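Worth saying up front: this structure is predicted, and the values here are computed from it rather than measured.
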Amino acid sequence: MQTWQQQLQQAFKTPQALLTYLEIPNVATSICPTSHDQFMTKVPMSFAKRMQKNNLNDPLLKQVLPITAEQKHFSDYVVDPLQEKQFNHIPGLLHKYHGRILITLTGTCAINCRYCFRRHFDYQNNNIGQAKWQNIFDYIQQNSDIEEVILSGGDPLMVPDNTLHKFTEKLAQLNQIKTLRIHTRLPIVLPARIDDSFVHWTKQQPFKLVIVVHSNHPNEINDEVALAMQRLSNITLLNQSVLLKEINDAPSILATLSRKLFAINILPYYLHQLDKVQGTQHFAVTDQQALQIHQQLQALLPGYLVPRLVKEIPGEKNKTILLR
Ligand SMILES: *Cc1c(COP(=O)(O)O)cnc(C)c1O
Ligand code: SF4
């Protein structure tokens, strides 16, 4: 069995390699080299294995294949739709919401999702090496309302366990943080990340641990993911999805996703409306459609399996729940 780091190294890094593996002839596609250059293709084999061969419309493939549609510009799709720069008090730290701060330990991910805001984010200037951690700890101490630290990204589980360990050891010394939340797509796209060493780390934490995974489609949940999640049974597990046109914009797909998540102890948390990021307009579902899909989803599922439909509106003190 390969380690997660080895699997990462061997991830597909060109659209051609991925399509060859999927037995899709190049001529059948609208691959765009410019899109790939702007935001490199990156797909672990573990995730690619869950795609259907010879199907250009596979819902997992569509999330990761760089296509020409990304090059079309729309005036309302911008580089920083959340205007987060103003909340970026110190590099790697976002304090927008009461009681919780978001920290970016790394800018990288195991997979590059085409709809992601990260495609334009300036991680060069936001990369907090360990040398700058103290700035973050100082900030937390100066803001006594902060009780929850959210590790986000990039993908925080891209950092090695000994780095995580060093970070949380220092964080624990502040005696202020009750909850540590990790937003990560790795347990879904690279389940090997949940190895003995990581499980050991989770068991040592003095905080209430919450892991929010990111899965958009039921085909992403397979036995490998189930086994990984089983190892985290001592942790609160939640999922967030992004509503994506022609990928998961159907109540039946989202209902199946919720049921499959619940079967492996993950509760649906958020269903996000896409942020208006340049190059992602082809993934957008209108608010009206989103509300309709969400309403139909409610009719299919018990309340606890219905994710909250949310949208991030710059300047709001929390994520905004979309209502009819
Ligand atoms: C989403 C988000 C959070 C967490 O919000 P919850 O509603 O608690 O899940 C915190 N900080 C930032 C900047 C966020 O975007
Ligand atoms: S931050 Fe999440 S959505 Fe964005 S590329 Fe990384 S894994 Fe994908």
Closest non-hydrogen atom pair, [X] against [Y]:
{"X": "S215", "Y": "S241", "answer": "O-OG, 2.7 Å"}
{"X": "P191", "Y": "V225", "answer": "CG-CG2, 3.9 Å"}
{"X": "P268", "Y": "Y304", "answer": "CD-O, 3.9 Å"}
{"X": "Q273", "Y": "L243", "answer": "OE1-CD2, 4.0 Å"}
{"X": "E316", "Y": "Y97", "answer": "O-CE2, 3.7 Å"}
{"X": "T41", "Y": "P15", "answer": "OG1-CD, 3.3 Å"}

Output yes when a side-chain donor or acceptor of [X] lies under 3.5 Å from a complementary backbone atom of [Y], and no otherwise.
{"X": "S258", "Y": "A255", "result": "no"}
{"X": "T3", "Y": "Q6", "result": "yes"}
{"X": "H294", "Y": "P307", "result": "yes"}
{"X": "N248", "Y": "V242", "result": "yes"}
{"X": "Q63", "Y": "P59", "result": "yes"}
{"X": "K62", "Y": "E246", "result": "yes"}
{"X": "Q205", "Y": "W201", "result": "yes"}
{"X": "D58", "Y": "Q52", "result": "yes"}
{"X": "K72", "Y": "T68", "result": "no"}

Quick check on K53: does its NZ atom have over 12 non-hydrogen neighbours (other residues, nucleotides or ligands) under 6.0 Å away?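 Yes, the 6.0 Å shell around NZ holds more than 12 heavy atoms from other groups.
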
Does a sphere of radius 6.0 Å around CG in D37 hold more than 12 heavy atoms from other residues, nucleotides or ligands, not counting ones at 6.0 Å or beyond?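 For D37, atom CG is crowded (more than 12 foreign heavy atoms under 6.0 Å).
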
Quick one: do the N112 and R118 side chains pair a donor with an acceptor below 3.5 Å?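 Distance-only check passes for N112 and R118.
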
Check whether the side chains of Q289 and D249 place a donor and an acceptor atom closer than 3.5 Å, and report yes or no.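 There is no such pair between these side chains.
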
Any non-hydrogen side-chain atom of [X] less than 4.5 Å from a side-chain atom of [Y]?
{"X": "Q204", "Y": "H165", "result": "yes"}
{"X": "L94", "Y": "I150", "result": "no"}
{"X": "I24", "Y": "L61", "result": "yes"}
{"X": "S46", "Y": "N222", "result": "no"}
{"X": "D145", "Y": "Q176", "result": "no"}
{"X": "K49", "Y": "Y21", "result": "yes"}
{"X": "M45", "Y": "Q2", "result": "no"}
{"X": "L151", "Y": "V159", "result": "no"}

Which label fits H95 and Y139: parallel for a plane angle under 30°, tilted from 30 to 60°, or perpendicular past 60°?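 H95 vs Y139 ring planes: perpendicular.
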
Can you tell me how far apart CD (E312) and CG (L82) are? Round to the nearest 0.5 Å.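 Nearest 0.5 Å value for the CD-CG distance: 5.0 Å.
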
Tell me whether [X] shares a hydrophobic cluster with [Y], the cluster being built from Ile, Leu, Val, Met, Phe, Trp, Tyr side chains joined at under 4.5 Å.
{"X": "W133", "Y": "F207", "answer": "yes"}
{"X": "L180", "Y": "I266", "answer": "yes"}
{"X": "L171", "Y": "I90", "answer": "yes"}

Member of R185, H214, K260 meeting the side-chain hydrogen bond (donor to acceptor under 3.5 Å, both in side chains) criterion with E220: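 Going through the options one by one, the only one that passes is R185.
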
My understanding is that only one of R100, K178, R181 makes a salt bridge (charged side-chain N to carboxylate O under 4.0 Å, His left out) with E147; could you say which?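 The residue from R100, K178, R181 that satisfies salt bridge (charged side-chain N to carboxylate O under 4.0 Å, His left out) with E147 turns out to be K178.
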
Pair [X] + [Y]: basic N to acidic O under 4.0 Å:
{"X": "D161", "Y": "R193", "value": "yes"}
{"X": "R231", "Y": "D196", "value": "yes"}
{"X": "K276", "Y": "D76", "value": "yes"}

Which is it for L301 and R259 under the side-chain contact (heavy atoms from CB on, under 4.5 Å) test, yes or no, and what are the steps along the way? CA-CA 9 Å; L301 291 171; R259 290 197 194 96; 4.0 Å; yes

K311 to Y270, cation-pi by 6.0 Å centre distance and 45° axis angle: no

Could you go step by step and tell me if Q278 and Q38 meet the side chain to side chain donor-acceptor pair (under 3.5 Å) rule? CA-CA 12 Å; Q278 192 180 95; Q38 287 168 348; over 6 Å; no

What residue among [options] forms side-chain contact (heavy atoms from CB on, under 4.5 Å) with [X]?
{"X": "R50", "options": "I221, N219, V189, I188", "answer": "I188"}
{"X": "M229", "options": "L237, L261, N265", "answer": "L237"}
{"X": "Y115", "options": "L244, V277, D275, V64", "answer": "L244"}

Stepwise side chain to side chain donor-acceptor pair (under 3.5 Å) test for S35 and Q71: CA-CA 7 Å; S35 300; Q71 297 306 316; 2.9 Å; yes

